[in-house]
Each structure stands twice: as C-alpha cells, then as structure tokens.
Amino acid sequence: MTEAVVSLLVVEDPALFDQIALAVPLVDHTLESPSPTERIVAPSFDGEIPELERRGLSVLVRNARRDPGTPTSRERPSVDQLSDPARRLLDRALRHAHEHVAIGVNVFDPDNDGPVIDELVRADLVEPLTCADDETPSRGSARFALHPDLPGPEPLDWDFAEAVMPQTDDLAGIAESPSSKATLGTGPIDLLHDVAAFAAAIHGWRPRRTLAGALTKACARKLGHRLGSVEIEATGELKADPRWGRALRALEALGALSLDAVTRELHLDLGLEDVLHGEVADVVDRLVHRLVDVDLRAVVPVVREGLASAGPDALDEVVFVDLVREQHRDLLFRPWIRKGHALYPLTGDGVIRLFDDDGFDAVEAPMIEAVLRRLHRLGIIRRAPGVFAATEDGRVWARASTTLDPPPIWISSDLEIIVPPRSVTPWERMQIERLGRCIARDVVDRFRIQRVRVRQWLTDHAIEEAIEPLRRRAQVLPATVEDTLSTWARSAERIVLFRGLVREERSTALR
Amino acid sequence: MGRAVSYVPDNPLIVQGDHSLLLETQNPNHDAARDELLGFAELVKSPEYIHTWRITALSLWNAAAAGHTAEGVLATLERWAKYPIPENIPVVVREHMSRYGTLRLLSDGSALRLEVDDAADLQELLALKPIADLLGEPIDDRGVRVHPRHRGELKQVLTHLGHPVQDLAGYADGDAIDMKLRTETPDGVPFQLRDYQIEAIDAFSSGPGAGSGVVVLPCGAGKTMVGIGAMIRTGMRTLVLCTGQTALRQWKREILRVTSLSEDDIGEFTAERKSLGPITLTTYQILTWRADRRSAPAHFPIFHQENWGLIVYDEVHLLPAPIFRETAMLQARRRLGLTATLVREDHRETDVFALVGPKRFDLPWKTLEHQGWIAQARCVEIRIPLSDPDRLRYVGAGSRSRFKIAATNPKKTALVDKLIERHRGSPTLVLGTYIDQLQWIARRFDLPLITGRTPRREREELYGGFRAGDIDVLVLSKVGNFAVDLPSASVAIQVSGSFGSRQEEAQRLGRLLRPKLGENQATFYTLVSSDTSEQEYAERRQLFLAEQGYPYRIEVEA
C-alpha cells in the first residue's frame, strides 16, 4: 500500500466550486470528489491560490494537525508494584532528570543500588542510554532515560521556619523591581510576557539573521511594527529597544527558536506552548528551571519552598543552608558507601571526599550559592549580606503572593483590547498579541484586532479558541466583537484548503 | 516605561505615558471623573466600556484659558487613576499650562502691545525668526509693539511654535442691532433656550478673552440656537458663514422662528443674491469663489466692508484654508466657531485655536442623550448575500466595479421594503450613493426622491412635506449628507455608502438625533452585501460609530 500527500479543498457552498473553476483550472488538480463540498486535490493546487486571491476568492490554508489521540500515545505507567527502595530511587531520578534523562552519578550508588536499578529496568520505567558491551545495565551506565509519562516526583518535606526573619534594613532598601545592573533589568514575569509578545510577533513568518547574528534591517522593522516599537521600526535595529533583545535571548534560552543554517531563518518551535501554558507561577517555574544549570536544578524547588515559608519576610542564608543539610543531606548527591564510609560519587579522577559536613561546605554549599546568584539575576530574589527575600515575582513563583485578583482586560466595540499589567497569563498574552496589532505599550497595553491577523490565527486554530480567553478575562465581551470575529471566521472559512493529508492509495481515508 | 506595580481597582482612569487617558465607563466613579476630564482633555473616542481621552498642548491651553490650574489637573488625575501616573505627565501638564498667559496681547492706544512676564522671555521672543517681521519696536523690557494688522498672524505663528497668546486686546464694536428672543414661535409653541445652550452662550460671552472662541456640541444639540443666542447677547451686526445653501436656509428659518427679526433683517450673500443686513448669511463656497485660479477670492471684501460686531463660523471644523487667512485679518471682531468636533481632517486645530479662539464650551453626545435632548440611536448593519449570478459577476470584475456591484445588490430592494414596513408610520430617510439604484427604489415603492439635480424649489417642498408629516419616506442621494434639518426623521436606511469621512458619518447620524416625541429613539440601518469589499468599508464605518459610543448590531439575511 502506498501513501500520497494530498490536500482537501472544502467549501461552504457547492456553488463556490463553479466560481473557483471560472478563475482557475480546478479540474486539472482534482483527484477525487468525496462530496458536493469537498475535493481532494493535488499539491499543485497551491499554485492557483494567488490567482484565486486576486479574484476575490480567498483560500484559507490549514496544515493538518496530529490528532492527540493517535496510537503513538502510551498508557501512563504504573508504579504501584515497585518496592519502596525502587520507588525512592525513581523519585530521586525524576527530581534530577532533565527532559526525561537522569545522570546516574546524581541518582544511585552503582555498587549498592544494582538490584533496584534492575527492578526499574524490568518494569520498563528506566532505560540505560549508554552501556559498555560487557557490563550489565546497572553498572557503569552514565545516563538513564525515564518513561516520559511518569508523574512528577513526590515533593520533599521541608521546614524553614527557623530561617525566617524580618527583612533587614539593607534588604528593605533594595527596590522590588529588579532594575539594577546586577540583574536582567526586568522581572521574570514581565520577561515571560515579552517572550510571549515576541513569539506572537514572529508567528507566521520567519525573520532572517545576518551572518553577524543580528536580525536583518527589514525583518527588524517588520518586527518593530508588529511589536509597536517605534524605535525598532525606525532604526531597523533590535538593540534600539533593549527589552526585545532580552526577549529574543530568552526565547533562545528556552529552546523555542531554531535557526536554519542555510536560509538563516528563525523558526518558532511548537514547544513554546509547553513552556508558556498554565498559571503564571508554573510558567515562571519552567523558565527558572530552563535557565538554571541542569546540575543545580534540584536546588530550585528547595529555594521555592523557603520563599513560600518566608512570605513577605526574609531568610537567613546561613540558617537556610544548614537546614538543607540537616533535613535532606542527599539532596544533590547520593553517597556511595565504600568500606563503611559514605563518600561523594567517585568520578574516576582519583579524588575521594567524605560525605560529611566539611564535604557539604565544600561541595553543596557553593552549589546552593550558585543557584541563589542565578535566582537573583533572574529577579526572583533580592539579596543583602547574609540574607535574601523574594521579589514580587518571586512571591508569585513561590505562591506566597498576597496580591489582589488580576484586573480584567477591557474590550471595546471598536475592536480594541486593553491589557493591564498582570491581567493575563503569558500564554493568553501570546494569543491576544496574535489577534491584533499593538498600538501602545504603556501603563496598559493596547491592541487593535485586525482581520488579517485573525485570518492568520485561523490557519492553526478555531475562532472559538480566540474568543474563549477574551470572554474569560474581559470585564465584558461586546456582542459586536464576538459577532465580528465570528463573521470574519465564517468569511475566511468559505474556502479551506487542508494541506499535508496522507492518503493511502488502497483506501479513501485521509489522515 | 516602567511597569506599574500598585493598582487601585475602584478608580476608573488609566493615565498613559503617551498622554492618552482611558476611562472605564462602567465604573461607579465614571461620571464624576468624566465631568472633571472635560475641562482639560479632549474626548478622542467613546466606544462601549472604555473611552479614550487625550491631553494635548491645545487642550491644556484651552483649560488654562478657562481658569484651570496645572495642580488642579494633576490632582484630578491622581484622584481617579488606577495606576501610578507616569513620571512625564506632571512635567508635560505643568510645562504646557504654564505657557498660557505668559504672552498677552493688550490694547495700547491705536496699536497693540505684546507683553511677557519677564525680560528674559522678551529676549527669547525677539530671537524667534518666524515672528521677526510681525513685531514692532520694544516698548520696555517686557513689552513690544504690534501693529493691529499683524494681530492674527502673530497669534497663529506663535501658537504653532508652542507659545499660545492670550488675546486681551478687546474688539471693535460693530453696528448695534435690535434683536430679541421670542418666548413663543410664530405658530404659538412656547420657546426658550435649553440650560446647556445658555451655559454655552455665557461661556462665550464672559470671562477673560470673552467674545472669541469655539462651542463644541453634538449634531442635533442645537448649535444654531447657541449662535442665535450669541448674536442677541452681543447685540451687533453679524455675519454667519454656513456650509452650503441648505444650511443657510436652515439658519434663516431658525432666526425667523425664534427671534424678533423679520425677513428684511436677514441678508443673504449667495450666488443668487448679494444682500446685506443686520444679520447676513453666506456660505464658505461663495466666499472662496474665484474667477480663475490666479485671481484672489472675489468676495472676501465682504469681511471688511461692513462694521460687523460678530462673525459666526458654522461647522468651524470645515473652515476652508483661504478663510483662515481672512480670519487672521479679523481679529478685532468677535468670532464664534460652532462645531460637533474640533478634529479636522487637515489637522489645523491649532489655527482654529489661534484665529477663532479657544474652546469655550463642550458637552459630549452621551450626556445629551441621557438628558433626553438628543435621541438614542441604534445602529444596525444588515448583511445580505449576492445572488449566484451577481457573485459570478463580482468575481470577474475589477475592484471599482466590484464595489458598485456589491453596493447595488438588487436583494437590497426587498430589504428596504421590509424595513419601511417594519417602521411604517415613522419618518424614514433612505440614503444612497448610486442614483440609478435610488431611482429604482423610488419608482418601485412610489417614493419621492431628492438628488443633486432636483430643483431647489422642489427640494424645499419635499423637505417641508417631510417635516410636516405629509411624507413618511424620503429617498435622498448624497445631497442628504449636508446640513439638512429634518428633525422628525427617526429611521435612516443607508442602501449604499461612499468612501466617506468621519464628518459625513457624523452628519448622517446627526440627521437622526433630534429629540423625538414618544420613544425618542432613532434607528440607523446600513445594508451591506456580505463577503464583498463593501463589507470591508462598512467595518471602517462601524468603527467610527463605535468610537462615538453607538453600539451596533449585525444581522444577517439569508
């Protein structure tokens, strides 16, 4: 059985095929007519779209989306049958994993945890990724792949009450909003919103980079126009507005942009939705995890827990580190027991270090300090000698914020959307920014919904997916706005071309 | 721009760094905030839920002219703001408002004196090249002589340079006239001015700089009455500049209806007649007429040959550029501008400020609607598909032809019938652009039709019949856009629209907004062929209506 890639042309009314045929040689491209309103056409039909556009017969092109319910999805694995040691080890592996891969040296003692590893491998929950030919999987394996559908690790219990203290004078004197040179110059929540805005601005086209790494002037101007940045639009230089350079770098750090080495075009990856989706606290957490070194990520939830305990107060840094050592000594490394002694994992360089308090001060304490430095730079915490506290964004991340309910957005019947600060999640911002052109970024941001942008939206979303967040967040969604969006959608969807469908030659089914 | 942190949800106002102000209409404090904003900001647009205002140099100068202070303005903003005021706003407000009043034009015998607050300001002034030829000799360290003939141009240039001039030099009195307001119209109906009309006249006639300025009132609010009231208050020979013949007739009708003047007291300076009287009505067109392109406008001398005490500029936002120049020479005369909007398509609002005068009074549409002075308007767009043969024609046509095919969709005719039937008995206007379409509708339903070719006498008869209630439905071409006073119309059906400007849209709606007996509601239908370029143009028109606060509904016909 062979497969062919075809397109499906669907019209609102059969009479439209007559109009199309009047404008272009439809019959030359038609492979089959499954119904009065459908034609299976060859990919060559794409070439007729500009002529149809010229004749007032706009074609909405949609690329086929994979149905989430395809046979490739796996059932969630069960951990109920595991022994307690196996479950603990699995939790540890999940805590240290990056993109479902855990490095063995952080997770287990190869001499003593062999049977447990074997149990996890037999249960199809872990898979060794590298293995010397003559060694069993439980030994010498540097990396393990974890089943992608495993639930998250059980959170560790922490008690940081002893470390909580009132804010010191020097800490209280540091501004909540991170605008010093020591930091990024913007908090993580605002950065995420900018990331969302930037992503929306480049959605549907591919800006090009010069060989020097900057965006081309033409692309920068177009980007500036979409972002509502007068400076960038005027100069053709992204650096004219540092905010957007930061957003671009953040998008790259999140792994959401890829560069085609040949065309030098930037592509937005679909995975951005995974980063930006959901509540703000969770989105910030994903950002933090992506921007902290892999080896240090296990510390991140600990700091988050500490900030949650502190709320509006501060934490004594020395006491905090001590509490980490006392409560979960093996947070970052599992000790290897050799000849009755607990050692740091042996790395083959001949250095043997005892897994004791001195070892903690030499190894883990600097790692915790590195995480605090990074969180300070990201705008999650403020620091003064010996003490740290959450910024406003840090409190949101730690879910220790006492802010009011988010303000509503306003939508007026002349198709303007007004977005106050912190009124929407980053993902909702991206959706709004895709629907309209930014006409002001100011105390509140203003957008004008545009038909051409809504049409672009419809290439990969239904109109209800645009209306629903507006309805949810707006004080009132004017009926005229909803009517206008629905009318534009109906008009755009009069003629739809679904591209990239696979047809099995012995069957009429399309997928 | 810093990101806002604190937030006061109960307040209705957002102050942006770009000088725009967003006012939440459903907030309980909206009315109080709006009444305060009126004094120093301009309403830019008023769709549902959020109104946009803007503070500009001009709006702040107008505020200063009306007696507001910078600290008062800032206190208002602080009082109502949801978020912290951007740092640049207090600087801008203080800077602009402090400028008004620092330059004053005063009478000094037969000449004028431009006076400043301190000597350094005078040196700065004398260094401005654009005004070098307009200034005379310095009188002392704070004043310089100005020839009266340069009064207007000097104010115009300085205002454009960001230095507004407070004109306190007074006016030459015109010939006195005896004109009184009636308490009863000739047909026995009691008459008096409305409160807001009296306030507008008071604002024009009193205070520093009184006797020059602009009154801003929506269509249908009775600006003509304000003009008449100002004439009476001034009590001097008056020249009224109208937008066209029909508007001129409307002015004449109203003057005769509500004042003690007779037909002989009203001159008409038009193409047909060149009579002058205590009140003289003329048009912008006749004043700017010239024999050929190289000649000067032939009738400008009218401005100077009579001893006018007051000049009234109706629809001052349409004041043609040549008349600005003549107005610059008329600064010794009292000047009143009347308009529904200060916004000009050519952006010469600053010239209106400098040469006609600052805004003296303003009242928004919605306030008048709530008070019942103008009708509540409903706007409905009805979308109708093209028939299959027409759709094929549309697809094969060029862009201009496509618009006409869409606009003259025959299916609209049946809809017109349906709407007329729906509103049977209500005075209805059917408006359109394409004469052949209107002729078809008029013949089909046996309706009277007025186009640009209809003789004036027949036009007046038909208008008169409509006003009197003898004619229920009147079909009008583009001529119906301009200054037609049809107070009893409560339904308008627009079968085809042109690529019109905001002013045309305002005027069309204004034709409906006179208060009506009974329900006091007006309905404005627009018929649009769906999925055509006509629909795209309709969407732009909808934006204007929404901006003015009129929600519109979309209906779809099968």
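Any value given below was found using the heavy atoms of this structure, including those in side chains, with hydrogens, waters and symmetry copies removed. Per chain, numbering begins at 1; letters A, B, ... match sequence-line order. Just so you know, these numbers come straight off a predicted model, no measurement behind them.
- For a residue to count as touching a neighbouring chain, one of its non-hydrogen atoms must lie under 4.5 Å from one of that chain's; by this rule A:R494 touches chain B with the side chain only.
- Using a 4.5 Å cut-off between heavy atoms, A:A440 touches chain B through its side chain atoms alone.
- Once rounded to the nearest 0.5 Å, the distance linking CD1 of B:I14 with CD1 of A:I418 reads 6.5 Å.
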Assess whether side chain to side chain donor-acceptor pair (under 3.5 Å) is satisfied between A:R446 and B:T52, documenting all intermediate values.
CA-CA 11 Å; A:R446 300 172 70 171; B:T52 301; 3.2 Å; yes

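- The side-chain heavy atoms of A:P420 and B:Y7, taken from C-beta on, include no pair separated by under 4.5 Å.
- Annotation: maximal heavy-atom pairing with chain B below 4.5 Å, among A:R55, A:R490, A:Q475, occurs at A:R55.
- Neither the backbone nor the side chain of B:S533 comes within less than 4.5 Å of any heavy atom in chain A.
- A:S491 and B:D531 make their closest contact through OG-OD1, 2.9 Å (heavy atoms, listed as atom of the first residue, atom of the second, distance).
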- Message: With side-chain contact (heavy atoms from CB on, under 4.5 Å) as the criterion, how do A:E416 and B:I50 come out once you've worked through the C-alpha distance, each side chain's angles and the decisive distance to 0.1 Å?
- Response: CA-CA 9 Å; A:E416 192 170 309; B:I50 283 276; 5.8 Å; no

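- Annotation for B:Q16 and A:V443: closest pair OE1-N, 3.1 Å, computed over non-hydrogen atoms.
- Taking each heavy atom of A:V476 and B:Y49 in turn, the nearest pair found is CG1-OH, 3.2 Å.
- Between B:R383 and A:T487 there is a side-chain heavy-atom pair separated by less than 4.5 Å.
- Interface summary for chain B: among A:P408, A:A15, A:A23, A:S412, the most heavy-atom pairs under 4.5 angstrom belong to A:S412.
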